[in-house]
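Report on one structure; see the data block that follows.
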Amino acid sequence: VKREAVKEKLAVMRAAGLDTKAVLFAPEGMARFYTQIVNPKKGEKFALVDVAAQNTGFIVISDGAPVMSRNIPGGIENMSADPEVLGQVVQDVKISLEAFEQESGFRPVKIIMTTDHAAVAGMANMLAEASGLQVVSMPYSLAVKGGKGLKEQLASEFLDESALDVIATA
């Protein structure tokens, strides 16, 4: 990320009256955000599957921090064009979970899907079957304060954007 791009986004935040105390990499920000929503027990690990426009983020979180992060090729646009991509992504998530368990000796207690889009319909069931874990759909837009129209706009227009990018374009 270019320094000027970050400065520009921070200027937008200041202009909106928001004080920025830290800038986190996406896995760190998502880990903190979803830890507050999920409220896991101390030491309990959970995984996030975040399907964006071109790729899928996979993050294992423990005590509010990412302990494993992987970018899996294949996202909403790819799945919409070729439904077989969905199965490939599910298989890659399964492989990632197995690798995490083998390396750490721990297994997440559940998977949180952060995307609620027609292209991922059925993905929660596929992930549950492949992993043996509970899969919960919990789009970040659920935590956004605003009307139904705003939430629908977030879901349809900002497939591959961070919250900061969404704020910067508002």
Side-chain angles (χ1 to χ4, degrees), residues 24-41 44-62 64 66-102 106-170:
L24 303 173
F25 289 105
E28 295 169 313
M30 292 178 75
R32 287 186 185 185
F33 179 81
Y34 275 96
T35 296
Q36 289 179 7
I37 294 172
V38 173
N39 195 24
K41 296 175 186 169
E44 189 175 77
K45 291 153 188 51
F46 64 96
L48 289 181
V49 173
D50 180 51
V51 184
Q54 295 291 324
N55 57 58
T56 298
F58 173 77
I59 307 167
V60 177
I61 299 166
S62 179
V67 293
M68 177 186 188
S69 179
R70 178 168 179 226
N71 190 30
I72 299 170
I76 290 170
E77 292 175 2
N78 313 97
M79 292 172 189
S80 296
D82 180 2
E84 289 186 19
V85 173
L86 178 61
Q88 293 167 351
V89 170
V90 168
Q91 185 62 28
D92 282 348
V93 168
K94 179 183 177 192
I95 291 167
S96 299
L97 279 167
E98 290 169 349
F100 174 76
E101 186 174 4
Q102 185 176 18
F106 296 102
R107 183 167 173 80
V109 295
K110 64 182 144 195
I111 297 172
I112 306 294
M113 281 191 57
T114 68
T115 311
D116 184 20
H117 188 278
V120 299
M123 187 175 192
N125 290 337
M126 292 171 71
L127 283 169
E129 187 176 317
S131 68
L133 296 174
Q134 174 191 17
V135 179
V136 179
S137 178
M138 201 175 290
Y140 75 88
S141 60
L142 292 177
V144 172
K145 305 241 187 282
K148 183 179 177 184
L150 173 63
K151 292 181 181 192
E152 288 173 354
Q153 183 180 4
L154 284 173
S156 66
E157 295 181 25
F158 296 99
L159 296 178
D160 206 22
E161 306 288 340
S162 70
L164 186 58
D165 289 329
V166 172
I167 290 169
T169 59

Give the intermediate values and the outcome of side chain to side chain contact (heavy atoms under 4.5 Å, CB included) for residues M79 and V51. CA-CA 10 Å; M79 292 172 189; V51 184; 3.9 Å; yes
Worked check of side chain to side chain contact (heavy atoms under 4.5 Å, CB included) between D50 and T115: CA-CA 6 Å; D50 180 51; T115 311; 3.8 Å; yes
Residues which pass side chain to side chain contact (heavy atoms under 4.5 Å, CB included) with N71, listed by chain and number, not counting sequence neighbours: N55
What's the separation between atom OG in S137 and atom CE in M123, rounded to the nearest 0.5 Å? 11.0 Å
Kindly determine whether L127 and L133 satisfy side chain to side chain contact (heavy atoms under 4.5 Å, CB included), including the steps that lead there. CA-CA 8 Å; L127 283 169; L133 296 174; over 6 Å; no
Please list, chain by chain and in numerical order, all residues satisfying side chain to side chain contact (heavy atoms under 4.5 Å, CB included) with D82, sequence neighbours excluded. E84, V85
Results of side chain to side chain donor-acceptor pair (under 3.5 Å) for S96 - residues two or more places apart only: R70
What is the minimum heavy-atom distance between P108 and F46, and which atoms define it? CB-CA, 3.9 Å
Can you see which heavy atom on I59 is nearest to which on S69, and at what distance? CG1-OG, 4.1 Å
With N78 via side chain to side chain donor-acceptor pair (under 3.5 Å) - residues at least two apart: none
One should read off an interatomic distance between I112 CD1 and I37 CD1, to the nearest 0.5 angstrom, of 9.0 Å
Could you list the residues that satisfy side chain to side chain donor-acceptor pair (under 3.5 Å) with S62, not counting sequence neighbours? K45
Under the side chain to side chain contact (heavy atoms under 4.5 Å, CB included) test, residues paired with Q91 that sit two or more places apart: K94, I95
Should V109 and K41 count as side-chain neighbours, where that means a heavy-atom distance under 4.5 Å? no
Mind checking what makes salt bridge (charged side-chain N to carboxylate O under 4.0 Å, His left out) contact with R107, not counting sequence neighbours? E101
Within a 6.0 Å radius of atom CD on E129, are there more than 12 heavy atoms belonging to other residues, nucleotides or ligands? no
Take I111 and L97 through the test side chain to side chain contact (heavy atoms under 4.5 Å, CB included) and record every step on the way to the result. CA-CA 10 Å; I111 297 172; L97 279 167; 3.8 Å; yes
Under the side chain to side chain contact (heavy atoms under 4.5 Å, CB included) rule, collect the residues that match up with M126, sequence neighbours excluded. L86, V90
Quick check for you: to the nearest 0.5 Å, what is the distance between Y34 atom OH and T114 atom OG1? 4.5 Å
Write down the atom of K110, the atom of V136, and the distance for their closest heavy-atom approach. CD-CG2, 4.4 Å
So, for P139 and D116, which heavy atoms are closest and what is the spacing to 0.1 Å? CG-CB, 3.4 Å
What heavy-atom pair brings T35 and G64 nearest, and what distance separates the two atoms? OG1-CA, 3.2 Å
